[in-house]
Visitor: 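First the structure, which I've put down as structure tokens, then a few questions once you've had a look.
Values in this document were obtained by computation on a predicted structure and should not be read as measured data.
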Amino acid sequence: MGGANHEEHHLVAGVDTDGHQGEDATLFEGSRRRGPRDNQGDAENEHELDSSDGASVSSARPQKKGKLWFHNSHMKRRMKKAAKARQELYDTFRFSDAWLLGTIVFFSLLGNTYKIKEQYEIYIGVCMFLLSYLVYVVIKTMENRKLKKQKEEDRRRKAL
């Protein structure tokens, strides 16, 4: 009655009338087995089947060990550059940088969430921002002095 007969149903599912799966079956059923290739002979003898859908346990193709499919020399160079950049960030990022970043984020969020009711609140906010920036400048100055002393000590040690 307008429905597909048994033979057409199997062809749509990727199964021949003999019951073998073709290459189209991998598209519909998710099976990884493609069947015998021209120069391989019978694939049934080479693979150990673990289920009725024809998925194999072992692969007939030898796999390269240690080499990933997405690994190439260009990617290797970029990964080395990224590692150097991360190490430079770890070496140069100090408490003063974290303070400045936190100040900016805090006042940005505060400005977007707090509803100002009186004009004096604006002046208080500006004064608080300036004070936190002055704290950043003091912290940064102390860190620079400390680093300068360390460099001088290192030069003295190397000179001896």
Side-chain angles (χ1 to χ4, degrees), residues 14 21-41 43-160:
Q21 290 183 335
E23 293 210 14
D24 293 336
T26 59
L27 298 174
F28 295 111
E29 295 181 7
S31 173
R32 293 158 88 200
R33 182 173 169 261
R34 291 184 169 218
R37 294 197 175 105
D38 295 336
N39 59 356
Q40 281 186 338
E44 299 279 334
N45 296 333
E46 293 180 16
H47 295 288
E48 208 177 282
L49 300 179
D50 65 346
S51 65
S52 63
D53 69 346
S56 63
V57 174
S58 64
S59 174
R61 288 184 275 157
Q63 294 181 354
K64 296 179 185 177
K65 294 196 177 194
K67 183 113 176 164
L68 301 174
W69 63 272
F70 56 84
H71 188 270
N72 58 28
S73 61
H74 182 65
M75 183 178 203
K76 187 176 183 179
R77 281 189 304 242
R78 290 185 303 173
M79 288 176 69
K80 283 184 179 181
K81 287 181 182 178
K84 283 183 180 180
R86 275 193 306 274
Q87 187 61 42
E88 184 179 345
L89 176 68
Y90 295 147
D91 293 342
T92 59
F93 192 80
R94 305 274 183 229
F95 178 70
S96 61
D97 301 322
W99 180 271
L100 182 63
L101 183 64
T103 299
I104 293 170
V105 169
F106 174 76
F107 282 101
S108 295
L109 291 175
L110 183 67
N112 286 327
T113 57
Y114 183 74
K115 301 289 183 187
I116 297 173
K117 298 172 186 109
E118 299 290 329
Q119 187 175 5
Y120 71 90
E121 293 175 346
I122 295 172
Y123 296 126
I124 291 174
V126 170
C127 289
M128 287 175 45
F129 181 78
L130 290 176
L131 285 174
S132 64
Y133 183 74
L134 287 176
V135 169
Y136 162 74
V137 171
V138 168
I139 293 171
K140 188 69 170 178
T141 305
M142 290 174 29
E143 286 177 349
N144 287 341
R145 286 182 186 165
K146 191 176 183 181
L147 286 174
K148 191 174 180 181
K149 284 182 183 179
Q150 285 179 352
K151 285 182 182 180
E152 288 177 5
E153 288 177 10
D154 290 341
R155 286 183 194 157
R156 288 181 194 156
R157 288 182 195 157
K158 287 182 182 180
L160 295 176

Visitor: Kindly indicate whether the side chain of Val137, heavy atoms from C-beta on, has any atom under 4.5 Å from the side chain of Lys140.
Guide: no
Visitor: Once rounded to the nearest 0.5 Å, what's the spacing between atom CD1 of Ile122 and atom SG of Cys127?
Guide: 12.0 Å
Visitor: Tell me whether the count of non-hydrogen atoms from other residues, nucleotides or ligands lying under 6.0 Å of CD in Gln119 goes above 12.
Guide: no
Visitor: Which residue pairs pass the ring-ring contact (aromatic ring centres under 6.0 Å, His included) test with at least one member in residues 131-151, sequence neighbours excluded?
Guide: Tyr133-Tyr136
Visitor: Roughly how far, to the nearest 0.5 Å, is the CG atom of Leu110 from the OG1 atom of Thr103?
Guide: 12.0 Å
Visitor: Is there a side-chain contact between Glu121 and Tyr114 (heavy atoms, below 4.5 Å)?
Guide: yes
Visitor: Can you spot which of Ile139, Leu131, Val138 makes a side-chain contact (heavy atoms from CB on, under 4.5 Å) with Val135?
Guide: Ile139
Visitor: Using every non-hydrogen atom in the two residues, find where Glu143 and Phe95 come nearest and quote the distance to one decimal.
Guide: OE2-N, 3.3 Å
Visitor: Side chains of Leu160 and Arg156: does their closest heavy-atom pair fall under 4.5 Å?
Guide: no
Visitor: Can you measure from CZ (Phe106) to CH2 (Trp99) and round to the nearest 0.5 angstrom?
Guide: 10.0 Å
Visitor: How long is the span from the CD atom in Gln150 to the CZ atom in Arg145, to the nearest 0.5 Å?
Guide: 15.0 Å
Visitor: First locate atom CZ of Arg77, then atom NZ of Lys80, and finally report the distance between them rounded to the nearest 0.5 Å.
Guide: 10.0 Å
Visitor: What is the distance from atom NZ of Lys149 to atom CG of Asp154, rounded to the nearest 0.5 Å?
Guide: 14.0 Å
Visitor: Please say whether more than 12 non-hydrogen atoms of neighbouring residues, nucleotides or ligands are located less than 6.0 Å from CD in Glu88.
Guide: no
Visitor: Between Asp97 (side chain) and Arg94 (backbone), is there a donor-acceptor pair under 3.5 Å?
Guide: yes
Visitor: Tell me, please, which residues at least two apart from Asp91 pass salt bridge (charged side-chain N to carboxylate O under 4.0 Å, His left out).
Guide: none
